Amino acid sequence: MTRRIPTLLLTVFAATLFGSAPVIAQDAKGKPAPAAPAAAAPAAAPAAAAAPATDVNRFNRLLKPANQRNLPPMQDGIHDPGSEGTAALMPPLSAFETLPRSNAGNRVNWVKALEDRAINPRWDRVDANAAPVVMDLNIVREVKGSMPDVVYPHKQHTEWLDCSNCHPAIFIPQKGANQISMAAILLGQKCGVCHGKVAFPVSECRLCHSKKKDGPVARSGQ
Amino acid sequence: MKQVPWVTRVRRGLTALLFAVVAITLWTPSDSRAEYGDIVINNYADAAGMRPAIFPHWFHRIRFRCKVCHADLGFQFKAGGNEITMLKIIDGQFCGACHNGEVAWSVENCDLCHSGKPNTPTQVHESTIQKLAVPVGQGGSKK
């Protein structure tokens, strides 16, 4: 009799924890798979549950599963599911359905969304017809080593931002006057003020490192 | 072959324990599943007994360019760096420049902004620092 108590306790404990498991399962089922990897990942979860002994050797130890992307506020881990406000908020996927997709960040290609006029965000708080002053000026930054050179395009930025958002606080407006490195970007400085926070994340190397080096000369840097 | 009853029970207990461990391991990474660019603002809210405020960038950037908030309205590029309070909001600053019943629904909809889990620190969701597999600094929370 006394021996049964720990067993029961454990079962109850596990059951309580598993109360949260349907949420996980629902992540997989609750939304249409946006990309192929999403279909592969949910399979990993039941497998882990069926063979718990192998869990320490699960396939992805550090990579977060694809089925945890663009979750509705109720399941996203920062909104309080117990608040009535949370239930009234818009789930991101329903907004993104009509927008061009990308591989990272919100998984929306915001540049293309703007180009295609899939969205038309205001340039002014109240005037829906105000238009940005777009400046088409590319700045090429030569990169030491094997990575392609960086092309910084003013065009895509001035569609969204004001000159004063970058000049002079983040960048002195003079070609080559700024020291930029990947280390700084990863720490959230320079390009990393926005990229890796709100604009597309640092994982999209090719979007910035977009210019093929012309040969061995370029490799010597400045 | 019949087993001694308590062996079965212990075994069942162990299975339950294993399941519990698996459930916990599956559950813990849940922390940063929020939408990229979601900002939790919690300088004062917790202390004042309100849920932290959550600002969704994705939702607002469909409607406004960055310039409107970050140049015209003066929001600095720093989560929690603007010292937003309700007094400033009802006086038409920060969120209050729009959430005034004219451009967008007004301040009495407390729960729409104050929708965060209590005790969630000020942070930018899915930021580079949060996403690094090996946490740097204060374990992913900014500021």
Side-chain angles (χ1 to χ4, degrees), chain A residues 3-4 6-7 10-11 13-14 17-18 20-21 24 45 48-49 52-53 55 62 64 68-71 73 75-80 83-86 88-90 92 95 105-106 108 110 119 121-126 132 159-162 164-165 186-188 192-194 196-198 201-202, chain B residues 6 9-10 12-13 16-27 29-38 40 51 54 56-59 61-68 70-73 77 97-98 103 109-118 120 124-129 131-133:
Chain A
R3 281 204 202 94
R4 186 176 288 153
T7 316
L10 275 169
T11 320
F13 178 49
L17 279 161
F18 264 114
S20 53
I24 301 170
D55 193 53
L62 297 175
K64 284 184 192 126
Q68 299 189 351
R69 289 174 187 154
N70 304 118
L71 291 183
Q75 298 166 18
D76 74 1
I78 56 167
H79 286 89
D80 187 346
S83 161
E84 279 169 29
T86 304
L89 296 175
M90 186 175 193
N106 300 115
V108 169
W110 293 107
I119 57 171
R122 291 187 186 180
W123 179 252
D124 187 86
R125 186 175 55 97
V126 285
E159 284 278 2
W160 291 98
L161 293 148
D162 191 69
S164 69
N165 284 134
L186 286 164
L187 288 174
V193 169
C194 301
K197 304 270 182 58
V198 177
V202 182
Chain B
W6 70 265
R9 264 184 234 127
V10 166
R12 217 185 284 150
L17 185 64
L18 258 174
F19 268 96
V21 169
V22 173
I24 291 170
T25 4
L26 283 173
W27 197 228
S30 71
D31 264 349
S32 74
R33 292 175 300 151
E35 192 55 38
Y36 183 68
D38 275 6
V40 181
R51 292 184 176 93
I54 297 185
H57 262 104
W58 65 268
F59 183 90
R61 75 180 292 185
I62 290 175
R63 291 158 176 82
F64 299 95
R65 317 229 178 183
C66 327
K67 172 258 189 190
V68 174
H70 290 292
D72 299 353
L73 299 178
F77 286 135
C98 300
V103 179
N109 297 290
C110 317
D111 282 355
L112 289 181
C113 293
H114 292 280
S115 60
K117 279 190 181 156
T120 311
V124 190
H125 256 269
E126 294 290 296
S127 64
T128 312
I129 291 198
K131 285 189 48 155
L132 291 178

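Heavy-atom basis, side chains included; hydrogens, waters and symmetry copies ignored. The model shown is predicted, which means the values in this text are computed figures rather than measured ones.
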Proximity breakdown for V193(A) and chain B, heavy-atom pairs closer than 4.5 Å: side chain
Side chain, backbone, both or neither of P132(A) within contact of chain B (heavy atoms, under 4.5 Å): side chain
Main-chain N/O of L71(A) paired to R33(B) side chain as donor or acceptor, under 3.5 Å: no
Whether Y36(B) side chain and N70(A) backbone form a donor-acceptor pair below 3.5 Å: no
For chain B, the option from G85(A), P201(A), P92(A) that forms the most heavy-atom pairs under 4.5 Å: P92(A)
Closest-packed option against chain B by number of heavy-atom pairs under 4.5 Å, given L161(A), N106(A), T86(A), I119(A): N106(A)
Student check: side-chain heavy atoms of D72(B) and R125(A) closer than 4.5 Å: no
Region of D38(B) in contact with chain A, defined by heavy-atom distances below 4.5 Å: side chain
Interchain contact, I62(B) with chain A, by part (heavy-atom threshold 4.5 Å): both
For [X] versus [Y], what's the shortest heavy-atom pair and its separation?
X       : Y       : result
W160(A) : F64(B)  : CZ3-O, 4.3 Å
K67(B)  : N165(A) : CA-OD1, 4.1 Å
V126(A) : R122(A) : O-NH1, 3.3 Å

Contact winner vs chain A - H70(B), R61(B), K117(B), heavy-atom pairs under 4.5 Å: R61(B)
Pairs of heavy atoms under 4.5 Å with chain A: top-ranked of H114(B), E35(B), R63(B): E35(B)
